[in-house]
Number of protein chains: 2
Amino acid sequence: MTALGDGSVRPSVTTGPIRGSRKVHRDAEDGVRVPFRRVELTDGDHFDLYDTSGPYTAGDVDVREGLEKIRAGWISAREPVNGAATQLAWARAGVITPEMRFAALRESLAPEFVRDEVAAGRAVIPANRNHPESEPMVIGKGFLVKVNANIGNSAVTSSVEEEVEKMVWATRWGADTVMDLSTGKRIHETREWIIRNSPVPVGTVPIYQALEKVGGDPAALSWEVYRDTVVEQAEQGVDYMTVHAGVLLRYVPLTARRVTGIVSRGGSIMAAWCLAHHEESFLYTRFAELCEILRQYDVTFSLGDGLRPGSIADANDEAQFAELRTLGELARVARAHDVQVMIEGPGHVPLHKIAENVRLEQEWCDGAPFYTLGPLATDVAPAYDHITSAIGAAQIGALGTAMLCYVTPKEHLGLPDRDDVKTGVITYKIAAHAADLAKGHPGAQAWDDALSRARFEFRWEDQFNLSLDPDTAREFHDRTLPAEPAKTAHFCSMCGPKFCSMRITQDVRRYAEERGLSTVEAIEAGMAEKAHEFDDRGGKVYLPVVD
Amino acid sequence: MTALGDGSVRPSVTTGPIRGSRKVHRDAEDGVRVPFRRVELTDGDHFDLYDTSGPYTAGDVDVREGLEKIRAGWISAREPVNGAATQLAWARAGVITPEMRFAALRESLAPEFVRDEVAAGRAVIPANRNHPESEPMVIGKGFLVKVNANIGNSAVTSSVEEEVEKMVWATRWGADTVMDLSTGKRIHETREWIIRNSPVPVGTVPIYQALEKVGGDPAALSWEVYRDTVVEQAEQGVDYMTVHAGVLLRYVPLTARRVTGIVSRGGSIMAAWCLAHHEESFLYTRFAELCEILRQYDVTFSLGDGLRPGSIADANDEAQFAELRTLGELARVARAHDVQVMIEGPGHVPLHKIAENVRLEQEWCDGAPFYTLGPLATDVAPAYDHITSAIGAAQIGALGTAMLCYVTPKEHLGLPDRDDVKTGVITYKIAAHAADLAKGHPGAQAWDDALSRARFEFRWEDQFNLSLDPDTAREFHDRTLPAEPAKTAHFCSMCGPKFCSMRITQDVRRYAEERGLSTVEAIEAGMAEKAHEFDDRGGKVYLPVVD
């Protein structure tokens with residue numbers, strides 16, 4: 001922990017439970033202890049939510065100490081198979097690791113299913129042996145759609161402390177992984193702080209740091225500098241790395257007629273290198289050596305789409321799909337080395353061109369997990385690109401994309417602050433859950449049903465607490481009807497007491513139930529009687545405003 | 001204009017151009033004069049945007065006077081055909097009205113196409129003869145997807161002045177129609193102010209006012225009270241009316257087992273009436289008489305989905321589709337009376353159940369324009385339901401829905417304020433435009449391309465001004481890089497100068513062009529040479545930060 005500074009400064013991060021919930025655990029064999037966020041309901045029931053927030057929501061955390069190394073015992077106890085100590089190697093050997101068991105219990109699925117999906121390459125468990133603090137999770141189309149939040153300082157703004165807090169803040173609201181995309185000074189130190197304190201897998205793009213090492217000149221990059229950077233980051237515990245190994249020399253001219261050329265940072269760096277040297281990318285020619293390094297740590301490849309479209313006009317073009325085909329070829333090489341791999345995707349894609357992206361990725365990359373940035377469904381709304389991209393993300397998730405990289409309101413305009421990070425994460429949790437519903441993930445709809453029942457029964461507190469953002473839901477309700485009795489009122493400010501349709505329906509239903517008319521048939525049979533009863537009550541279906 | 005008060009108070013509304021654009025007009029025969037919002041670009045070109053904002057963005061407006069009656073001459077000059085003076089009747093007779101010409105020019109389409117779509121019932125032009133102030137527009141799947149913004153005071157909050165400003169504010173940001181859903185006091189007066197000052201069609205739900213007239217007791221409603229209310233509103237100039245005539249007595253029990261019962265206000269009112277009287281809904285039994293009234297004014301029916309699902313669990317159920325089938329039957333009755341008609345749709349629907357909604361509506365209602373509320377793709381995000389619903393709205397729009405009713409962040413929680421209205425409208429313009437792209441509306445992509453070109457060429461001012469919300473885009477950029485030179489900088493705060501991928505791409509492209517390598521083939525041929533040239537420049541592709 002020497003890299004964490006002299007200990008004289010203790011950065012403050014957000015701790016304490018999310019309003020209306022508390023941390024609980026479910027235990028399984030191998031010492032697996034899976035956290036959930038339990039919402040106690042006012043009707044006496046409770047609802048457990050998937051929990052990415054780590055120890056921060058259970059109590060205070062000293063970030064100078066780092067998180068508990070919950071995987072340390074598992075890591076030291078087990079043996080490589082066929083020379084490889086990766087989740088993929090064990091899965092192929094039929095072994096269920098504690099990580100698989102942990103990830104399965106989080107989603108109420110069988111550990112065998114996780115093992116089989118990992119073995120088939122349809123899922124990955126990013127879990128570097130040097131990041132024992134992480135709570136294992138699984139990324140694949142058979143599982144809940146995951147959300148990544150990008151953090152990281154740039155040459156222009158922000159500090160180490162801010163980035164650690166962004167990680168804590170992002171996972172508090174549901175980020176399943178974070179990527180540290182720092183490009184400025186103190187890259188190594190920032191990353192060390194983040195990894196030691198991160199309960200979720202951490203991803204990076206090593207080419208950014210490699211470029212810093214050569215003074216920002218792409219042409220000065222070399223395999224050796226890059227390799228050393230990858231080793232450095234793998235040693236620290238980075239769980240997955242974006243590698244733009246599909247940007248081949250012959251693909252660069254395919255971008256010449258595009259509206260927005262190459263918009264990926266890593267892609268443009270490698271394109272510049274290829275042109276400067278008129279050589280094939282070292283990421284491609286040395287890919288097998290890269291596999292050997294990643295295998296030693298069980299770092300997962302995230303094969304980057306350096307030629308992704310940066311505008312609606314460029315979606316699904318020759319450059320994009322040429323690279324995708326190469327990523328499929330590289331995915332097979334990675335798996336031959338027992339290295340886990342996922343595939344990155346666009347970008348900017350109109351709704352009618354999204355399905356083709358998933359279809360080709362699944363076909364060309366043998367079902368490897370797809371990990372997309374949005375995609376943005378239109379270019380015309382800077383400042384709202386969390387929304388333009390959530391529209392595309394929900395769609396691509398429903399079609400089988402395994403993880404969605406969030407986009408914040410500041411995309412294209414500036415660096416996200418704390419509020420932007422939260423907005424981006426919540427927006428993407430919406431897209432991911434909408435996709436889970438569409439995919440029919442077991443149990444996904446139970447959450448919607450629990451919240452809707454609370455809504456229909458005017459259990460306002462339960463409605464707030466079951467929502468993705470209890471604080472904001474409550475705050476919005478308070479703005480119009482601040483008084484505490486309003487939290488138990490059988491109406492809301494939208495329609496007022498007289499017009500509340502849900503209240504009318506409830507009155508109708510209660511009326512029927514009081515008379516034993518609890519089924520459709522009974523209600524139909526009793527309709528004539530009810531008509532009279534309604535009259536007897538003076539035709540009123542409205543009761544006094546607050547019970 | 002006596003209803004507008006004594007003139008001593010002049011409510012203030014937002015006037016003046018949207019930043020970076022100015023009003024221009026294109027003329028056509030019949031005195032048609034169509035407004036556009038012109039963005040002058042810094043490269044000497046310009047881009048014209050569809051304009052819903054009315055005279056407010058062209059100068060000051062005195063709301064006590066009301067807007068100019070631009071349709072007055074057209075209305076007085078023409079004759080009914082077959083006893084009907086409706087856009088549908090004229091379209092069927094082969095007449096191209098000035099309204100059709102106006103709506104066509106707005107979308108750069110042929111007036112004949114508008115006429116044919118209206119004649120076939122696949123499109124409507126809501127244009128009450130008593131709302132001559134409105135700028136005609138067309139709603140149908142062959143046209144740009146439209147957005148409606150709900151405004152209106154409730155028993156709990158807001159004033160007449162606020163509602164007029166909400167209308168001006170909503171249309172400023174792109175609302176194609178507004179619905180006045182007022183339920184509190186001064187309903188008539190509020191509506192009069194809104195209609196006299198509205199450049200867009202105004203919709204209402206007459207049952208709300210009818211209910212006020214009988215003291216809020218659904219059982220006390222009668223055909224006579226309802227009819228008189230419809231006449232009163234039609235006389236004022238309401239352009240379309242939501243009528244929940246499909247909530248039949250026998251459908252009410254179908255909602256008994258739902259998670260959220262009946263969530264439509266109008267639907268629950270009529271359900272309560274049916275149960276109280278044990279009679280079929282007067283909206284259904286008197287529907288032909290209603291048609292006669294609406295025909296006299298050319299009010300368009302918006303057949304309401306009183307049994308729409310209010311939760312994911314209730315989507316696409318028997319109650320919803322039973323009502324939809326009845327709406328189809330009523331649509332045929334309306335058209336037999338030469339009355340225009342559209343069909344309202346859900347609500348809460350998971351992504352995989354959206355397509356069935358459009359398919360059945362188109363099939364059962366003979367292609368009548370579909371007008372949906374969202375739908376929300378999940379229930380779990382109160383405070384973000386503009387986003388949950390934009391996800392569903394973009395999807396249902398891409399599949400052929402003609403108009404989307406916006407949802408604001410306050411949905412389910414409180415009444416929208418001015419900021420919420422803007423957020424709701426912008427969010428829905430995103431969904432609508434994403435759908436336009438997916439549908440391949442002629443010219444839709446030109447907007448994205450213009451903005452993306454500006455982005456790629458670092459024309460920041462053009463990027464802001466072409467966006468849906470120039471003020472917020474600029475503000476977000478200013479927050480990270482406030483200095484004026486940053487507006488011409490060839491990088492942004494996201495990556496900083498060294499990592500700007502678009503800059504690198506431009507450098508590569510410029511380099512090629514300087515050597516006449518302007519095509520893909522030439523670039524390929526020249527690659528070897530370029531490699532040397534890059535070396536000669538010291539391998540640098542980065543230029544000084546600000547030119």
Side-chain angles (χ1 to χ4, degrees), chain A residues 154-156 183 216 219 253 256 259-263 265 268 272 276 278 311-313 350-352 377-383 388 391 394 398 413-415 430 433-434 437-438 448-449 451-452 456 467-468 472-473 476-477 480 493 496 498-499 501 504-505 520 523-524 528 531 534 539 541, chain B residues 154-156 183 216-217 219 253 256 259-263 265 268 272 276 278 311-313 350-352 377-383 388 391 394 398 413-415 430 433-434 437-438 448-449 451-452 456 467-468 472-473 476-477 480 493 496 498-499 501 504-505 520 523-524 531 534 539 541:
Chain A
S154 84
V156 181
T183 58
V259 167
T260 47
I262 301 174
V263 296
R265 285 191 244 173
S268 63
H278 199 239
S311 56
I312 292 296
L351 287 173
H352 63 297
T378 167
D379 306 340
V380 301
T388 66
I391 289 170
L413 297 169
L415 277 179
I430 291 169
H433 185 67
L437 287 173
D448 298 74
D449 293 353
L451 191 143
S452 286
F456 190 65
S467 73
L468 276 170
T472 305
F476 281 6
H477 188 261
T480 324
S493 60
K498 279 202 302 190
F499 278 85
S501 61
I504 296 175
T505 308
V520 170
I523 290 176
E524 281 177 337
F534 259 84
V541 289
Chain B
S154 83
V156 182
T183 58
D217 175 5
V259 167
T260 47
I262 301 175
V263 296
R265 285 191 243 173
S268 62
H278 199 240
S311 57
I312 292 297
L351 286 173
H352 63 297
T378 167
D379 305 339
V380 302
T388 66
I391 288 170
L413 298 169
L415 277 180
I430 291 169
H433 185 67
L437 287 173
D448 297 75
D449 294 353
L451 191 143
S452 286
F456 191 66
S467 72
L468 276 170
T472 306
F476 281 6
H477 188 261
T480 323
S493 59
K498 277 201 305 191
F499 278 85
S501 61
I504 296 175
T505 308
V520 170
I523 290 175
E524 283 177 335
F534 259 85
V541 288

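Below, chain A is the first sequence line, B the second, and so on; all start at residue 1.
- Annotation: side chain to side chain contact (heavy atoms under 4.5 Å, CB included) contacts of B:A394 (sequence neighbours excluded): A:L351, A:I391, B:A431, B:A434.
- Residue A:A398 touches chain B through its side chain alone, counting heavy-atom pairs closer than 4.5 Å.
- What you find for B:A313 and A:D449 is that their closest heavy atoms are CB-OD1, 3.4 Å.
- Of all heavy-atom pairs spanning A:P350 and B:L437, the tightest one is CB-CB, 4.4 Å.
- Both the backbone and the side chain of B:A473 have a heavy atom closer than 4.5 Å to some heavy atom of chain A.
- In this structure, the portion of B:L451 lying under 4.5 Å from any heavy atom of chain A is its side chain and not its backbone.
- Of the options A:T378, A:D379, A:T388, a side chain to side chain contact (heavy atoms under 4.5 Å, CB included) to B:H433 is made by A:T378 and by none of the others.
- Contact count versus chain B (heavy atoms, under 4.5 Å) is highest, among A:I430, A:L468, A:V380, for A:V380.
- For B:S467, the side-chain hydrogen bond (donor to acceptor under 3.5 Å, both in side chains) criterion is met by no residue, not counting sequence neighbours.
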